[in-house]
Asker: 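Before we start, here is the structure in question, set down as structure tokens.
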Amino acid sequence: MEEIVDFRDERDWEQFHNPKDLAISLSLEASELLENFQWKTSEQARDDKMDDITDELADVVIYALLLSNELEINLEQAIKEKIRKNRQKYPVNKSFGSSKKYTEL
């Protein structure tokens, strides 16, 4: 996190990194990641676009980390809590091997 913030601050970009714009940027980068898979099988994308996929995934994570930093969200704690909630929504005995949403289980 320190290296990401240092990179941002060296360029005086904090002024642009409010929660709304970070959320927008996160979505845009996720779309750029998705673009690498468009009109390809997963295997083709991996074979042909792995470097681009890696870069775009890194951008997604960087923006997610910057957003969590800006909103003072402990991301590790938030992830653990979300997994706890998902365990309740998707109990193994109902969701194992199923792609159904929790409302359909």
Asker: Consider only side-chain heavy atoms of I, L, V, M, F, W and Y, link residues closer than 4.5 Å, and tell whether M50 and L33 are in one cluster.
Answerer: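 Cluster IDs for M50 and L33 differ.
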Asker: Counting heavy atoms not belonging to N74, are there more than 12 under 6.0 Å from its CG?
Answerer: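 Yes, CG of N74 has more than 12 neighbouring heavy atoms, counting only those of other groups under 6.0 Å.
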Asker: Can you tell me which residue pairs pass the salt bridge (charged side-chain N to carboxylate O under 4.0 Å, His left out) test with a partner in residues 63-83, sequence neighbours excluded?
Answerer: E76-K80, E81-R84
Asker: Any chance CD of Q44 has more than 12 other-residue heavy atoms, nucleotides or ligands included, within less than 6.0 Å?
Answerer: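 Yes, the 6.0 Å shell around CD holds more than 12 heavy atoms from other groups.
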Asker: Can you find a pair of side-chain heavy atoms, one from Y90 and one from K101, that are under 4.5 Å apart?
Answerer: yes
Asker: Kindly indicate whether the side chain of Y102, heavy atoms from C-beta on, has any atom under 4.5 Å from the side chain of N86.
Answerer: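 Counting from C-beta outward, Y102 and N86 never come under 4.5 Å.
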Asker: Measuring from E29:CD to D55:CG, what's the distance to the nearest 0.5 Å?
Answerer: 10.0 Å
Asker: Rounded to the nearest 0.5 Å, what's the gap from CD on E35 to CG on D52? Could you check?
Answerer: 9.5 Å
Asker: Other hydrophobic cluster members with L28, side-chain heavy atoms of Ile/Leu/Val/Met/Phe/Trp/Tyr under 4.5 Å, chained?
Answerer: I24
Asker: Counting only heavy atoms from other residues, nucleotides and ligands, does the tally under 6.0 Å from CD of E3 exceed 12?
Answerer: no
Asker: Is it the case that one hydrophobic cluster holds both I79 and M1, taking links as side-chain heavy atoms less than 4.5 Å apart, direct or via other members?
Answerer: yes
Asker: With clusters defined by side-chain heavy atoms of hydrophobic residues (ILVMFWY) lying less than 4.5 Å apart, directly or transitively, does V61 cluster with I4?
Answerer: yes
Asker: Can you check whether L22 reaches Y63 side chain to side chain, under 4.5 Å on heavy atoms?
Answerer: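 Yes - at least one pair of side-chain heavy atoms lies under 4.5 Å apart.
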Asker: Hey, quick one: are L75 and V60 part of the same hydrophobic cluster, counting side-chain heavy atoms closer than 4.5 Å, chains of contacts allowed?
Answerer: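 In one cluster with L75: V60, yes.
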Asker: For K94, look at atom NZ and say whether over 12 heavy atoms of other residues, nucleotides or ligands are found less than 6.0 Å away.
Answerer: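 12 or below, so no.
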Asker: Under a single-linkage rule joining Ile, Leu, Val, Met, Phe, Trp and Tyr whose side-chain heavy atoms are separated by less than 4.5 Å, which residues share a cluster with V92?
Answerer: F96
Asker: Answer yes or no on whether R11 is positioned over the face of F7, meaning its NZ or CZ is under 6.0 Å from the six-membered ring centre and within 45° of the axis.
Answerer: yes
